[in-house]
Amino acid sequence: MQTWDVVIIGAGAAGLMCAAQAGYRGRRVLLLDNAKQAGRKILISGGGRCNFTNTHAQPDAYICHNSHFVKSALSRFSAHDFIELVERHGLNYHEKTLGQLFCDESAKDLLEILMTELSWSGANLQLRTEVLKVIRTDTGFLIQTSAGELQCLSLVVATGGLSMPKLGATPLGLQLAEQFGLHVYPTRAGLVPFTLHAEDKVRFAQISGVSVACEVHSLSGMRFRESLLFTHRGLSGPAILQISSFWQAGEPVWINLLPDVKAGDWLQTLSRDRPRVSLRKLLSEKLPKRFVDIWLETDIADTAIGQLPLKRREQLAEQLNHWELKPNGTEGYRTAEVTLGGVDTDELSSKTMECKNIPGLYFIGEVVDVTGWLGGYNFQWAWSSGWAAGQVV
Ligand code: FDA
């Protein structure tokens, strides 16, 4: 039977980082994955250019039942530490917006860096391997796999979230947590497009591809100022993906279509200064025309603003600054970027990611109840938590 110091299940972002760190410390490391390639989510992320970190990766950009948990790992291996690593390998990258760093060319360049680090560290990678059973022993863990039995002192679970099952996502990590008696928070899809009720779906499918700069907020009070994209299935775009992580089924969301404008004052000024101009024309000066054509109620679209009764003008102003929309649901794990919930952080050391009650067992990356905002925060959590465990396994 093969014996290792460290076995890591999951050769994604967190597992690759952890394996290299442990390998550099002279540990004998085996990194296992059921897929035929390591880091598949890295390759498809950020539209193929991987938004690999965010220069503003602070604890308040993470959703976790214990908001203090992420602080230690994020400060010990920060966005700047990861940037330093990729710069050492000569990666060309750029900031797109809001601190989001992307590869200039391709996410392949980033994966290549991680694979180079893995090989320099001496850690071993074994793909296409199913984990069948994990048993705790006196000295560590026994792992039965489709390629035979393994023994190890430290076992790291880095199996990621449930999103995109097509890319190899499985619930193994959550099942192992439950097997070892750890509390797991219920999971749901995050950073995911909304679907709409039938009537709204038909209405807005006509403007699929149209994007509107806006501010969206949820009942939780979270708000994001980004763009919203109409699709043939519902709503997407950064504003919607962000708010989806704070939305609960059955709740509405509110969209401020003119976040820089007090719509009531604006419409009042227009009705005084340009009373003969139609609402359709006036709104199209601030919003995409195709959107206005669909969104504005047909009975007033061609009304001159000076003719609009005061009550309707006030209603319209409310709609412009506070449009309430009730999603039907989300597209679920099929298209979600992340999984909310997961292994309760109270079970883990925030410094090492080791289970408090099961020495030698570690959980890192997305399988843990830590979910970042859109914009490179999720990879940063994978790097930081993987690095933290890599120092001690
Ligand atoms: P990750 O999912 O990377 O790796 C888990 C690994 O475990 C996989 O290799 C999988 O095959 C393996 N595994 C699963 N079950 C197993 C089993 N039973 N046996 C063996 N191996 C198993 N984030 C970000 O910060 N910037 C971005 O640009 C994007 N973009 C993006 C796009 C899309 C389409 C998605 C789906 C996700 C993103 N993300 C993102 C999120 C980001 O990809 C995610 O948070 C990290 O990859 C999480 O890293 P982990 O290592 O925890 O899991």
Side-chain angles (χ1 to χ4, degrees), residues 7-19 30-54 57 61-63 79 82 93 96 99-103 107 110-111 114 125-134 143-147 156-176 189-193 236 238 241 245 331-340 342-343 353 362-387 389:
V7 168
I8 303 169
I9 309 177
L16 284 164
M17 173 59 82
C18 182
L30 178 67
L31 178 58
L32 286 181
D33 205 294
N34 59 355
K36 56 177 190 267
Q37 187 183 16
R40 286 176 82 194
K41 273 195 190 160
I42 295 172
L43 291 176
I44 57 146
S45 66
R49 291 206 170 144
C50 187
N51 178 193
F52 56 82
T53 191
N54 192 300
Y62 291 88
I63 305 164
F82 192 73
Y93 65 90
K96 199 167 168 190
Q100 302 169 5
L101 303 189
F102 285 77
C103 302
L110 186 81
L111 184 57
L114 297 168
L125 174 64
Q126 186 175 310
L127 298 168
R128 300 173 199 263
T129 304
E130 296 287 336
V131 172
L132 306 173
K133 199 167 184 184
V134 175
I143 306 155
Q144 292 174 354
T145 77
S146 52
V156 183
V157 181
T159 47
L162 300 173
S163 57
M164 301 238 166
K166 266 193 195 159
L167 287 184
T170 75
L172 177 73
L174 302 171
Q175 288 162 354
L176 287 175
L191 300 181
V192 62
S236 189
L241 298 182
S245 297
E331 288 186 8
Y333 292 124
R334 191 179 58 81
T335 58
E337 284 200 12
V338 286
T339 301
L340 290 147
V343 178
M353 307 294 136
Y362 298 76
F363 286 83
I364 57 174
E366 205 183 311
V367 71
V368 179
D369 170 40
V370 172
T371 308
W373 292 357
L374 184 77
Y377 299 98
N378 285 294
F379 278 129
Q380 186 56 46
W381 171 247
W383 316 134
S384 296
S385 58
W387 185 91

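These figures come from a predicted structure and were not determined experimentally. Along the sequence shown, residues carry numbers from 1. Order of appearance sets the numbers: ligands from 1, and atoms from 1 within every ligand.
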*Is Tyr377 touching ligand 1 with its side chain, its backbone, both, or neither, if touching means heavy atoms under 4.0 Å apart?*
backbone
*Contact atoms of ligand 1, heavy-atom distance to Gly46 under 4.0 Å*: 28 (O), 30 (N)
*Does the side-chain contact (heavy atoms from CB on, under 4.5 Å) test come out yes or no for Ile364 and Met17, once each step is laid out?*
CA-CA 10 Å; Ile364 57 174; Met17 173 59 82; over 6 Å; no
*Derivation and outcome, side-chain contact (heavy atoms from CB on, under 4.5 Å), residues Val131 and Asn34*: CA-CA 8 Å; Val131 172; Asn34 59 355; over 6 Å; no
*Taking it one step at a time, do Glu366 and Thr339 satisfy side-chain contact (heavy atoms from CB on, under 4.5 Å)?*
CA-CA 7 Å; Glu366 205 183 311; Thr339 301; 3.6 Å; yes
*Any non-hydrogen atom of Met164 lying under 4.0 Å from ligand 1?*
yes
_Looking only at protein heavy atoms, which one is nearest to atom 30 (N) of ligand 1, and what is the separation?_
Ser45 CB, 3.2 Å
*asked:* Counting non-hydrogen protein atoms only, what is the nearest one to atom 1 (P) of ligand 1? Give residue, atom name and distance.
replied: Gly12 CA, 4.1 Å
_Go through it in stages, so that I can follow the logic: the residues are Phe82 and Phe379, the test is ring-ring contact (aromatic ring centres under 6.0 Å, His included), and I'd like the CA-CA distance, side-chain angles, deciding distance and then a yes or no._
CA-CA 10 Å; Phe82 192 73; Phe379 278 129; 8.7 Å; no
_Atom indices of ligand 1, in the order listed, that fall short of 4.0 Å to a heavy atom of Gly376_ = 24 (C), 25 (O), 26 (N)
*Go through ligand 1 atom by atom and flag the ones less than 4.0 Å from a non-hydrogen atom of Ala13.*
3 (O), 49 (O), 51 (O)
*Just which atoms of ligand 1 are under 4.0 Å from any heavy atom in Ala158?*
5 (C), 6 (C), 7 (O)
*Name the closest protein heavy atom to atom 20 (C) of ligand 1, giving the residue it belongs to and the distance to 0.1 Å.*
Asn34 N, 3.2 Å
*asked:* Need the ligand 1 atom indices (1-based, order shown) with element for anything under 4.0 Å from a heavy-atom of Gly365.
replied: 52 (O)
*Which atoms of ligand 1 have any heavy atom of Gly168 under 4.0 Å away?*
11 (O), 14 (C), 15 (N)
*At their closest point, which heavy atom of Tyr377 faces which heavy atom of Tyr62, and how far apart are they?*
O-OH, 2.6 Å
_Please classify the Leu172 to ligand 1 contact at 4.0 Å (heavy-atom distances, strictly less than): side chain, backbone, both or neither._
side chain
*asked:* Can you tell me if Ala336 contacts ligand 1 (heavy atom of the residue under 4.0 Å from the ligand)?
replied: yes
_Closer than 3.5 angstrom, by distance alone: can the side chain of Lys41 be matched with the main-chain N or O of Ala169 as a donor-acceptor pair?_
no
_Shortest protein heavy-atom distance from atom 15 (N) of ligand 1, along with the residue and atom involved_ = Thr170 OG1, 2.7 Å
*Please state which protein non-hydrogen atom is closest to atom 43 (O) of ligand 1 and give its distance, to 0.1 Å?*
Phe379 CZ, 3.3 Å
*Identify, for atom 51 (O) of ligand 1, the protein heavy atom at the shortest distance, and state residue, atom and that distance.*
Ala14 N, 2.8 Å
*Would you mind running through ligand 1 and noting each atom that sits below 4.0 Å from a heavy atom of Asn378?*
23 (N), 25 (O), 45 (O)
_Glu130, Glu366, Lys41: member with heavy atom nearest to atom 48 (C) of ligand 1_ = Glu366
*What atoms of ligand 1 come within less than 4.0 Å of a heavy atom belonging to Asn51?*
24 (C), 25 (O), 26 (N), 27 (C), 28 (O)
*Tell me, which protein residue and heavy-atom name are nearest atom 9 (O) of ligand 1, and how many Å apart are they?*
Asp33 OD2, 2.5 Å
*Under the side-chain contact (heavy atoms from CB on, under 4.5 Å) rule, what do Leu162 and Leu174 come out as? Steps first, then yes or no, please.*
CA-CA 10 Å; Leu162 300 173; Leu174 302 171; 4.1 Å; yes
*Quick one: look up the protein heavy atom nearest atom 33 (C) of ligand 1 and list residue, atom name and how far away it is.*
Glu337 CG, 3.9 Å
*asked:* For the backbone of Leu101 and the side chain of Asn51, can you confirm whether one donor and one acceptor N or O come within less than 3.5 Å of each other?
replied: yes
_Checking contacts here: is it the side chain or the backbone of Ala11 that comes within 4.0 Å of ligand 1, counting heavy atoms only? Could be both or neither._
backbone
*asked:* Would you say that Asn54 contacts Gln380 through its side chain, given a criterion of any heavy-atom pair below 4.5 Å between the two side chains?
replied: no
